[in-house]
Each structure stands twice: as structure tokens, then as C-alpha cells.
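Keep in mind the model is a prediction, meaning the values are calculated, not measured. Starting from 1, each residue takes its place in the sequence as its number.
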Amino acid sequence: SNSQDFEARKRQLLRVADSFGIFGVTLDNIYGTDDILWQQQLLHRLQADEGLIRKTIEKYSIKDANAKKRVIISFSNRLTAVGGEPIDYRLGASGHIFFHTRATTPQILKVLRENLAFAANKSITYDKMLSR
């Protein structure tokens, strides 16, 4: 049933987020499309890479206390720059990190290594700005 599928997907996303040491993972889909094959393939790949992800996070100490509470990674199969050119990742103003689904696990880990603390701090600044 759909609710069982939804619960299973939620558990998969939480597990992937936990392996990266962040608050959450979302899969963005363009409204009105039922194209979920890329989502299934991405989740399968990230779950298969869980050992690599956890080892790399540990080895390079890619950790931030605030990231565990705040940082969200969003994957999209349609991530583009202003000119419409496809891009691999983008850092959002709110501390979100957006990845194109074609980003490899090593690319994702490299971006996290270079930007995790920045993204966590950005989310705090963003929340403070909103609460004024």
C-alpha cells in the first residue's frame, strides 16, 4: 500500500541522513510527474555506499554539532544554474545543500567536507534573520 511505501521511504531517508551525519535528506520531484525511478536508484546507491560514507565521515571528521540538528540535503533530477545549465550542487541561503542526482557519493562527501560547517552556520543565521 501507499502508506507502507511512504513509511519505508521515510526510514530509508532517515538512515541516509544519519550516515551523512545530518538532519535530513529530501528528494525533490517536479510536481505533476510520477518519475520516481531516479529516486529509487539514488536511494539504492546511497544505501549501498553507506559503509563508504560512514568511514569517510569518520576519517575526515566531517562532523558539525549543528549539522545533525539543522542541515538538509535535497536531491533533484533537475538542478540548474540561472542560465538553465545543469549543475552538480548548490548551497542554499537557508543552509540547505542541493545536489543533482548525478552527483557521485565521493563528490557529495567532498562538498560536505568543504561546506558542512558553513551550511550549519548559514541555517542558524537564516533562522535568526527570519525571527526578527
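The minimum heavy-atom distance linking W38 with D28 is given by the pair CZ2-O, 2.9 Å. Nearest approach of A67 to A120, heavy atoms of both residues: N-CB, 3.8 Å. When every heavy atom of D64 is checked against every heavy atom of N66, the shortest pair comes out as OD1-N, 2.8 Å. Across every non-hydrogen atom of A17 and G24, the tightest pair is CB-CA, 3.7 Å. The two residues R70 and S123 make their nearest non-hydrogen contact at NE-OG, 2.7 Å.
In this view, F98 and H96 satisfy the ring-ring contact (aromatic ring centres under 6.0 Å, His included) rule, not counting sequence neighbours. A119 meets the side chain to side chain contact (heavy atoms under 4.5 Å, CB included) test with V71, I97; sequence neighbours excluded. Remark: F99 engages F75 in a ring-ring contact (aromatic ring centres under 6.0 Å, His included) (not counting sequence neighbours). Residues satisfying the salt bridge (charged side-chain N to carboxylate O under 4.0 Å, His left out) test with K128, not counting sequence neighbours, are none. Partners of T26 under the side chain to side chain donor-acceptor pair (under 3.5 Å) rule, at least two apart in sequence or in another chain, are S74. With sequence neighbours excluded, no residue satisfies side chain to side chain donor-acceptor pair (under 3.5 Å) with N121. Shown here are the side chain to side chain donor-acceptor pair (under 3.5 Å) partners of Q41, two or more places apart in sequence or in another chain: there are none. Applying the side chain to side chain donor-acceptor pair (under 3.5 Å) criterion to R113, with sequence neighbours excluded, gives no partner residue. Contacts of K63 classified as salt bridge (charged side-chain N to carboxylate O under 4.0 Å, His left out), with partners at least two apart in sequence or in another chain: E58.
Under the 4.5 Å side-chain heavy-atom criterion for ILVMFWY residues, a single connected hydrophobic cluster contains both Y89 and L109. In the hydrophobic clustering of ILVMFWY residues, with side-chain heavy atoms under 4.5 Å counting as a link, I72 and L79 come out apart. L112 and L14 are members of different hydrophobic clusters when ILVMFWY side chains are connected at heavy-atom separations under 4.5 Å. In the hydrophobic clustering of this structure, I57 groups with I73; members are Ile, Leu, Val, Met, Phe, Trp, Tyr whose side-chain heavy atoms approach within less than 4.5 Å, directly or through other members. In this structure, L116 is a member of the same hydrophobic cluster as F118, with clusters built from ILVMFWY side-chain heavy atoms closer than 4.5 Å.
Around NZ of K110, the count of heavy atoms belonging to other residues, nucleotides or ligands within 6.0 Å does not exceed 12.
The line from CZ of F20 to CD1 of I62 is 9.5 Å long, rounded to the nearest 0.5 Å. Separation of atoms CD (Q12) and CZ (R9) is listed at 6.0 Å; rounding is to 0.5 Å. Remark: H100 NE2 to N77 CG distance equals 6.5 Å, nearest 0.5 Å. Here the CD-CG distance, from E114 to L91, works out to 10.0 Å after rounding to the nearest 0.5 Å.
Pairs passing the salt bridge (charged side-chain N to carboxylate O under 4.0 Å, His left out) check and including a residue from residues 82-101, sequence neighbours excluded, read D88-R102.
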All N/O donor-acceptor pairs, side-chain side in residues 43-56, below 3.5 Å, sequence neighbours left out:
residue: R45; atom: NH1; partner: A103; partner atom: O; Å: 3.3
residue: R45; atom: NH1; partner: T105; partner atom: OG1; Å: 3.4
residue: R45; atom: NH2; partner: T101; partner atom: O; Å: 3.2
residue: R45; atom: NH2; partner: A103; partner atom: O; Å: 3.0
residue: D49; atom: OD2; partner: T105; partner atom: OG1; Å: 2.5
residue: E50; atom: OE1; partner: R15; partner atom: NE; Å: 2.8
residue: E50; atom: OE1; partner: R15; partner atom: NH2; Å: 3.1
residue: E50; atom: OE2; partner: R15; partner atom: NE; Å: 3.2
residue: E50; atom: OE2; partner: R15; partner atom: NH2; Å: 3.3
residue: E50; atom: OE2; partner: R54; partner atom: NE; Å: 2.9
residue: E50; atom: OE2; partner: R54; partner atom: NH2; Å: 3.1
residue: R54; atom: NH1; partner: D18; partner atom: OD2; Å: 3.3
residue: R54; atom: NH2; partner: D18; partner atom: OD2; Å: 2.9
residue: T56; atom: OG1; partner: L52; partner atom: O; Å: 2.7

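With a 4.5 Å cut-off between side-chain heavy atoms of Ile, Leu, Val, Met, Phe, Trp and Tyr, the cluster of M129 takes in Y126, L130.
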